[in-house]
Amino acid sequence: MTQPTQSHDDLSWDAFDEQRDPRPSRQGFDEVVDRAISRRGFLGGALAIGSGASVFGAALLRATPARAASFPFTPIGIGTDFSLQVPEGHSWKTLVRWGDALTQAAEGAFSGETGVALDLSTQVFGENTDGMELFQIDGKEVIAVNSEYVNPKINLPAASEGKPQSAEEVQLLKNLQGVTILEVADQGQGYQVVVGSAFNRRITNDTPMTMDGPVAGTDLVKTAADPAGMSPLGTLNNCGSGRTLWGTYLTCEENFNGYFGMVTERDQTPEEKRYGLKGESNYLYEKFDARFDLIANPNEPHRFGWVVEIDPADPASTPVKHTALGRFKHENAEMVQAADGRVVVYMGDDERGEFIYRYVSNGTWAEGQKGGTLLSEGTLYVARFNDDLTGEWLALTPESTGMDLAQMLTFARLAGTKVGATTMDRPEWIAAHPSRAEAYCALTNNSKRGGDGQPVNAANPREANEYGQIVRWRPEGGDHGADTFTWDLYVMAGNPAVHKDAYAGSANVTEGNMFNSPDGMAFDSTGMLWIQTDGEDTNEGDFAGQGNNQMLIGNPDTGEIARFLTAPNGAEVTGLCWSADRKVAFVGIQHPGGSWPDGAGKPRSSIVAVWRDDGATLG
Ligand code: FEO
Ligand code: CA
Ligand code: CA
């Protein structure tokens, strides 16, 4: 696949980061052929990889046809235009768009011509909506939602050409990212934002925060402005989300590297190289705010790349960066509980060839308790996926890695390499089944699989993997606290209209439901897996017939997958949560093209509400 050459205005941030900091290119393919999957996965029929056979044999992969769809809707066709489509018998409407007011003072702040002015930019919904969760607080419904990044070209005056020209322009970009807390309510006309609610809050690239866990207060995170190393400012590139058992929000810092630059040249350190910190930043923050200059403040990036906890019930609360969960390009954070009551958090590191992690707390949690030290005292693990469909969680400790604890967590990627973690095809969201111990991770794609340091393996079995797959694991004994698991591939995305080999995808992929680049994922309360995509929407070549990015529903038991929603061209679908009564699904539409959703002016990233016309629950 040729590498994109657009600016990030035309790409998802993930895709832009790949282009800016590409991993090594691929080499041979042959060594993988004998790394066959030796027994069937959980599904048996739907994946049908075959016994003792190569996973690359297309006939084997596609030996068993997908079963007939049995979802309570008629699956839709692909979308190719600038509209959003849902199945017959369903409707949608916009809940909130980039620039919509959170306060009365900010009503009318957005202009289709000029966007949002600096003075009201912390009182509006941020741009490029991403992970989100809905909380029920004192009888109210409150959504916490990420704004992953901004598109500078549509936020800055045309004369700036997408590059900020002043500290004020940098400040505008900073203010439109981070997290938004907003109350929503349906008062007879569908869900709307409760403008002026006391819950409404913006958290930006500059909001005061604190840190806990082993790295907090160490030399690695001390800066001239914060000599104690305890008080970072802001959160960057908030991608996926999570929720704690005790009702708080987890926001995950992903491609934070893109916010830092060097005002003068120097060589990268090995750690900076592994994390993609270099040169000129995407937003030129470093030219107007020395905090983002790696020359002046080499420790500042150590204060990003964490999972951050926010209490949506308390607008005055200080967000906490939990260093015990490790520093990497966090996608989301899926919290479950071990059989003995310990807290388990599954996390992906979205970069080609990086790892899947698990955090296990030392203490246990029971209903009614707060978080306490559960996210500051525990052990971080990385996953090894063996080719025989077994796997293990490898503990990261000073003994296993030869690194001191703070170094090990701050440079978790290097620690993972030392213990022999499996390089994955860009781990995006992880979703845990609601009623059995089973977790799914979207491996979005990896055009460099097969290259240096990334030989194919059974869990990442295709060279130059442009379609992606979803891997899932079952912990030993049905206990998320167990250190071993078995795994299989729930689906290998592909294009059976174009390919007849492994790139056609697994048997549960058909010309009627095909997609590429699975990314966002969440289980609903009925145990169905909702899958969102962030991939190629050219509808040409290898992607012909796949249309725009989309949201599908997968049945984890039968393997069936059906297309439920198609996004406007240019957009990715990311972020999903439900109303308290489960009748409305809230879906994030990020970086839409054209002038969606309004048909005039700038395109506006938005959350849409989707419901069934008959009033039945929707997941
Ligand atoms: Fe922000 Fe990997 O998605
Ligand atoms: Ca994503
Ligand atoms: Ca992605």
Side-chain angles (χ1 to χ4, degrees), residues 1 4 8 10-21 23 126-133 145-151 177-179 235-242 250-259 275-276 282 304-308 328-334 346-357 413 424-431 440-448 465-470 493 515-522 530-537 543 548-551 567 570-577 587-591 605:
M1 206 169 73
H8 72 83
D10 308 312
L11 296 167
S12 76
W13 189 281
D14 276 351
F16 179 71
D17 187 69
E18 273 203 32
Q19 177 188 305
R20 181 171 179 262
D21 187 31
R23 290 294 169 108
E127 207 202 345
N128 284 325
T129 183
D130 210 314
M132 60 178 151
E133 308 285 339
V145 52
N146 297 337
S147 284
E148 186 182 31
Y149 70 99
V150 286
N151 177 337
Q177 303 176 72
V179 177
T235 184
L236 297 177
N237 210 256
N238 304 79
C239 183
S241 59
L250 298 175
T251 182
C252 303
E253 298 181 326
E254 193 188 20
N255 293 302
F256 64 90
N257 56 309
Y259 295 70
Y275 282 81
N282 301 352
F304 299 90
W306 305 107
V307 173
V308 186
F328 42 92
K329 295 187 179 180
H330 281 279
E331 187 70 21
N332 80 322
E334 180 74 333
Y346 289 120
M347 302 170 286
D349 181 356
D350 179 8
E351 186 105 63
R352 294 182 194 123
E354 291 296 343
F355 311 134
I356 294 175
Y357 293 78
R413 288 179 164 184
M424 307 300 287
D425 286 347
R426 296 188 47 202
E428 300 255 25
W429 286 62
I430 298 176
Y440 291 62
C441 181
L443 300 169
T444 196
N445 59 55
N446 183 352
S447 57
K448 303 298 184 194
N465 174 19
E466 59 193 351
Y467 296 121
Q469 65 267 21
I470 297 174
F515 60 95
N516 71 85
S517 306
D519 187 336
M521 284 199 306
W530 296 54
I531 302 162
Q532 303 175 319
T533 73
D534 167 24
E536 289 284 342
D537 64 357
F543 308 99
N548 294 348
N549 279 298
Q550 51 189 289
M551 183 164 73
E572 72 175 88
V573 185
T574 183
L576 175 63
C577 61
V587 182
I589 304 297
Q590 195 193 79
H591 59 80
S605 171

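Whatever order the structure lists them in is the order used to number ligands and atoms, beginning at 1. Everything numeric here is computed off the predicted structure, so don't read it as measured data.
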Partner of E351 under salt bridge (Lys or Arg N to Asp or Glu O under 4.0 Å), picked from R426, K448, R413, is R413
Tell me which N, O or S atom of D14 sits nearest to the Ca ion (ligand 3).
OD2
To the nearest 10 degrees, could you say what angle atom 1 (Fe) of ligand 1 makes with OE1 of E254 and SG of C239?
90°
From H330 atom NE2 to W306 atom CH2, the distance as rounded to the nearest 0.5 Å:
7.5 Å
So CD of E466 and OG1 of T444: to nearest 0.5 Å the spacing works out to 12.0 Å
Angle subtended at atom 2 (Fe) of ligand 1 by D14 OD2 and D350 OD2, rounded to 10 degrees
80°
Between E428 atom OE1 and E331 atom OE1, the angle centred on atom 2 (Fe) of ligand 1 rounds (to 10°) to 70°
Just to confirm my numbers, could you give the angle made at the Ca ion (ligand 3) by OD2 of D519 and OE2 of E428, rounded to 10°?
90°
How far does OG of S147 sit from CD of E127, to the nearest 0.5 angstrom?
8.0 Å
Quick check on the Ca ion (ligand 3): does D350 put an N/O/S atom closer than 3.0 Å to it?
no
Validation row, ring centre F328 to ring centre Y275 under 6.0 Å
no
What is the name of the N/O/S atom in D534 that sits closest to the Ca ion (ligand 3)?
OD2
Hey, which N, O or S atom on E148 ends up closest to atom 1 (Fe) of ligand 1?
OE2
Would you compute the distance between atom OG1 of T129 and atom CG of N238 and round it to the nearest 0.5 angstrom?
11.5 Å
